[in-house]
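Position 1 is the first residue of the sequence, and the numbers go up from there.
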Amino acid sequence: LYSPYNSDEDTGMVDAAIGFLGSISGLILLGSLYALLVVGERLVYWLRGRRYDDADARCSVAINLTNSGLNLVGGLIIQFGLYIYIWPNFRLLDTMPLAIALVVGFLWHDFAYYVEHRLGHRVGLLWAMHSVHHSSNSFNHSVAARGFFLDGLTNAPWHIPAALLGVPPVAYAAVVTVKSAFGIWNHASYVGHLGRLESLLATPLNHKIHHANQSEYIDRNYGQVLLLWDRLLGTRAEHGVEPVPGLVNPVHDNNPLTAQFTGIAWLSARVRSAERWQDKLAYLSRPPAWSHDGTCRSDCPKYGGQTILAG
């Protein structure tokens, strides 16, 4: 495709690594890492004599597998295709050294991930799609790839600014691959407190907080790798009581087909509860705790019993 740099000063093993991570090989590596970590974590549970929810894990893995085809199309044909069209035709900087491209690509992707992730929790329609990731009552590697089948399409616009800035496609793809690998790892259930890293990175402990359904943890720790954006924008939460993963109203559905649409069913019920079309539309854009009539339905307990009223 396109070289991630425009000079011959960056050569050798670094170039090869970037090229590998930014290609189809990077996707194969991610899939292999996911499988290895899921199996390895299950083995750790068995060796330690701990209970592992096999049915929940099978559901998460099945969701991942059924989504893979659509996400492959959304990720490669749409996302990457759009990127490699914009980069050579509309980028602001003609050349960008590899090191700078990696830093710029990383910072933009991490910030964009934060914003998109936060919107996914605070906008009704987006939460209906994202909530499948939180519907598991477990926190482990299998949950990492538990997503909505349209994720590959909805993510596409967030990558455009990196192309406009001039981050070459292969360099950006390499960044996404490495960050995605981190996103698989930080769902580890067997990693404890990591000292000072807990204040800097979205470690497994910090991300478990994000998955928790207690009111003090809801809508916190959105970052994929850095906690910088959570700290700057007021969504950082530190570990207190032991986080309990899952939705406020837990879902016990291990059928990958129906579990995929749990959030859509939730939103549909909300929309049907309203009579005015203005309120029906508002459920698509308002936060999940919003109510047109003040009735506490499924999510307001996470805000201490306070429902966000219309108006």
Side-chain angles (χ1 to χ4, degrees), residues 31 34 38 53-75 77-79 113 116-158 180 183-184 187 207 210-213 218-219 222 244-274 277 279-292 295-302 308:
Y34 174 73
V38 169
D53 193 336
D54 290 296
D56 183 89
R58 285 194 296 268
C59 179
S60 294
V61 172
I63 288 174
N64 178 31
L65 292 176
T66 54
N67 290 350
S68 293
L70 285 172
N71 283 330
L72 193 64
V73 171
I77 298 179
I78 297 179
Q79 289 188 31
Y113 181 96
E116 180 195 16
H117 197 182
R118 186 168 179 173
L119 288 174
H121 281 252
R122 304 301 296 138
V123 176
L125 178 60
L126 300 181
W127 172 246
M129 294 187 287
H130 179 61
S131 60
V132 62
H133 183 65
H134 290 264
S135 64
S136 171
N137 300 306
S138 300
F139 181 78
N140 54 45
H141 288 307
S142 72
V143 178
R146 183 183 178 117
F148 194 62
F149 72 100
L150 293 179
D151 283 349
L153 299 176
T154 58
N155 293 341
W158 295 99
S180 297
I184 297 173
H187 285 78
H207 197 61
H210 175 73
H211 273 258
N213 57 25
I218 294 295
D219 297 339
Y222 291 112
V244 178
L247 299 174
V248 171
N249 289 320
V251 174
H252 301 281
D253 184 356
N254 292 320
N255 182 326
L257 296 179
T258 53
Q260 177 76 245
F261 297 100
T262 297
I264 300 299
W266 161 84
L267 182 61
S268 177
R270 288 292 184 90
V271 171
R272 290 197 306 270
S273 72
W277 67 266
D279 293 330
K280 291 180 181 293
L281 291 177
Y283 276 115
L284 304 181
S285 60
R286 294 294 190 100
W290 182 81
S291 172
H292 73 282
T295 300
C296 179
R297 291 184 170 83
S298 63
D299 285 9
C300 61
K302 71 184 182 182
I308 303 175

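Taken from NE2 in His133 to CZ in Phe148, the straight-line distance is 14.5 Å, to the nearest 0.5 Å. Atoms NE2 and NE2, from His130 and His117 in turn, are 3.5 Å apart once rounded to the nearest 0.5 Å. Here the straight-line distance linking atom CD1 of Ile218 with atom CG of Leu247 works out to 8.5 Å at 0.5 Å rounding. The CZ atom of Arg286 lies 8.5 Å from the CG atom of Asp279; values are rounded to the nearest 0.5 Å. Atom OH of residue Tyr113 and atom CG of residue Asn155 lie 9.5 Å apart, to the nearest 0.5 angstrom. With rounding to the nearest 0.5 Å, the separation of CG in Leu267 from CZ in Phe261 is 13.5 Å.
Nearest heavy-atom pair across Pro288 and Arg122 is CD-NH1, 3.9 Å. Summarising the geometry of Ser138 relative to Asp53, their closest heavy-atom pair is OG-CB, 3.7 Å, with the distance given to 0.1 Å. Among all heavy-atom pairs drawn from Gly124 and Trp266, the shortest one is O-CZ3, 3.6 Å. Between Pro245 and Asn213, the shortest heavy-atom distance links the atoms O-ND2, 4.0 Å. Nearest heavy-atom pair across Asn67 and Gln260 is OD1-NE2, 3.1 Å. The shortest non-hydrogen separation linking Tyr283 to Ser291 is OH-CA, 3.7 Å.
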I'd like a table of donor-acceptor pairs (distance under 3.5 Å, sequence neighbours excluded) in which one partner is a side-chain atom from residues 57-64, with atom names and distances.
unit_1 : atom_1 : unit_2 : atom_2 : d
Ser60  : OG     : Asp56  : O      : 3.3
Ser60  : OG     : Arg146 : NH1    : 2.8

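Residues His210 and His121 place their aromatic rings such that the two centres sit under 6.0 Å apart. Under the 6.0 Å cut-off for aromatic ring centres, Trp127 and His134 qualify, their centroids lying closer than that. Between His141 and Tyr34, a ring centre-to-centre spacing not shorter than 6.0 Å is recorded.
Scanning for side chain to side chain donor-acceptor pair (under 3.5 Å) contacts around Asp151 gives an empty result, with sequence neighbours left out. Here His207 pairs with His187, His211 under the side chain to side chain donor-acceptor pair (under 3.5 Å) rule; sequence neighbours left out.
Panel note: side chain Ser135, backbone Val132; a donor-acceptor pair is recorded below 3.5 Å.
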